[in-house]
2 protein chains.
Amino acid sequence: MTDLFMELDRSSPVPLYFQVSQQIEQAISSGRLGPGARLDNEISLADRFGLSRPTMRRAIQELVDKGLLVRKRGVGTQVVHGQVSRPVELTSLYDDLARANQAPRTTLLVNEIVPASEVVADILDVPVRSQVLRLRRLRFANGEPLAIMENYLPADLSDIGRADLEERGLYQLMRARGVHIRVAKQRIGAKAGTTEECRLLGERRGSPLLTMDRATHDDRGRPVEWGHHAYRASQYSFEVTLVDH
Amino acid sequence: MTDLFMELDRSSPVPLYFQVSQQIEQAISSGRLGPGARLDNEISLADRFGLSRPTMRRAIQELVDKGLLVRKRGVGTQVVHGQVSRPVELTSLYDDLARANQAPRTTLLVNEIVPASEVVADILDVPVRSQVLRLRRLRFANGEPLAIMENYLPADLSDIGRADLEERGLYQLMRARGVHIRVAKQRIGAKAGTTEECRLLGERRGSPLLTMDRATHDDRGRPVEWGHHAYRASQYSFEVTLVDH
DNA sequence: GAGTGGTCTAGACCACAGT
DNA sequence: CTGTGGTCTAGACCACTCG
């Protein structure tokens, strides 16, 4: 363990534990802390950063939850072997693509107010047959079709239907309307594409599609979106990191 | 908020924060705390349980990470709307099926020591062409074929090949050999099944399969398993809950 | 026995939401 | 303004691993 610590900015609004975890993460991805490398114990690390032990612990725990570090009582904290994997976060497909310079583009197929079916009403926690916004979009990346996305939103967010849905992601537009997205529950599966789906996606009839059903909730626990997405299996997959606590 | 608290067992080895989080989770799944219900603030909850605030916070945080609760500064803690979803944990398919009384059964297709290919050697962090254990199994649930599972294990775990792989899950056998599984990095996708895969799974040729590639690490950060699984899309899907921190 | 992480306490100050 | 969660401190004791 050489000095992997820079100064902390105690006047910054960024929490100290986050500043520390970012510095350690940087040390890992840059190779200064290679696979299997052992970190010093919490006490001495806390001393070196000038922090209390709980704060140092939280910084380390952030990286354990990300799957970058592994800890064992009586042994210590080590960097996990294997390639660094991209973090799994609550981001939108649009933002992911934009960040990866994949030139996302969207075609709006359907944009209408419909009465809620029983299924949609149940998930969005609104009365059956009350009005909800239905969207159906075709998402491109690098000019190639990537996914068909069907979404339902409660009535008070239906003005999103008048926004520039072809130029921005759904999450981004919701955030701009003061919706603070907190929890997304997803079910990932697969199916054979229908004739229409495959036509839209430029796949052969019956090609396998990766599907994702998602219910999204805001910081009040209120359902704010339900979606059914179908991705070209040849172009897309999901990454998930699981940690045993 | 009525009294949803029972006594805590301070002599138990079960951590207090876990006892509390389980009681709250029970109150939610039983309906005593319905969707949208507000919890008392941390201080009074801590008082009622006779705990310090950090311990109470940790109990609540457990459920926030599970997607059951939602918190907002200046507002409070509320139960998320929507149906209670099964927790996503680092468990094996075999254990999941057994717990759901799905009568898991396994047929061993391949059980051999092979030289590691470059890909396998890289993931398992062993020399290329060194010996690794290769397994290929067909997993049934309720008598129906469910998944084809191909796995590679480093040489020092190759005695698992002599274990009762048809009667127990791989994770269970690894644990029995003192392997403490900690981190699993998965990539979930879809593909059309090959002729052989579909034959084994009892699907029509070219049926869509849900695929999962997984690298597993133990509590020292060492790679202990790499697997490529293919599930019948008509029978299986993954659940994932994402939380914005 | 020495060293590690896991748990827990009793305070403190702050940022933000809603009135 | 009041109430909430978010952060941070400086200790303490325990359980576990390993030599």
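Each chain gets a letter, A, B and so on, in the order the sequences are listed, and its residues count up from 1.
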Asks: Is there a donor-acceptor pair closer than 3.5 Å between any side-chain N or O of A:Glu239 and the backbone N or O of B:Lys185?
Replies: no
Asks: Mind running a 4.0 Å heavy-atom check of residues 9-20 of chain A against DNA chain C and sending the residues that fall below it, in number order?
Replies: none
Asks: Would the distance check show the side chain of B:Asp164 and the main-chain N or O of B:Glu167 forming a donor-acceptor pair, the cut-off being under 3.5 Å?
Replies: no
Asks: Considering residues at least two apart in sequence or located in another chain, which fulfil the side-chain hydrogen bond (donor to acceptor under 3.5 Å, both in side chains) criterion with A:Arg139?
Replies: A:Thr106
Asks: Would you indicate, yes or no, if D:dG5 has its OP1 or OP2 atom less than 4.0 angstrom from a side-chain nitrogen or oxygen of B:Thr77?
Replies: yes
Asks: Please list, chain by chain and in numerical order, all residues satisfying side-chain hydrogen bond (donor to acceptor under 3.5 Å, both in side chains) with A:Asp213, sequence neighbours excluded.
Replies: A:His228
Asks: Going by the salt bridge (Lys or Arg N to Asp or Glu O under 4.0 Å) test, which pairs reach into residues 11-22 of chain B, not counting sequence neighbours?
Replies: none
Asks: Using a cut-off of 4.0 Å between protein heavy atoms and nucleotide atoms, how would you tag nucleotides 11-19 of chain C 5' to 3' with B, S and -?
Replies: -B--BBSS-
Asks: Please check the phosphate of C:dG6 (OP1 and OP2 only) for any side-chain N or O of A:Arg57 closer than 4.0 Å.
Replies: yes
Asks: Using the test side chain to side chain contact (heavy atoms under 4.5 Å, CB included), find all partners of A:Leu8 that sit at least two apart in sequence or belong to another chain.
Replies: A:Leu16, A:Gln19, A:Val20, A:Gln23, A:Phe49, A:Leu51
Asks: Between B:Thr55 and C:dT7, is there a contact of a side-chain N or O with OP1 or OP2 at under 4.0 Å?
Replies: no
Asks: Looking at C:dT4, I'd like to know if its phosphate oxygens (OP1 or OP2) sit under 4.0 Å from a side-chain N or O belonging to A:Asn41.
Replies: yes
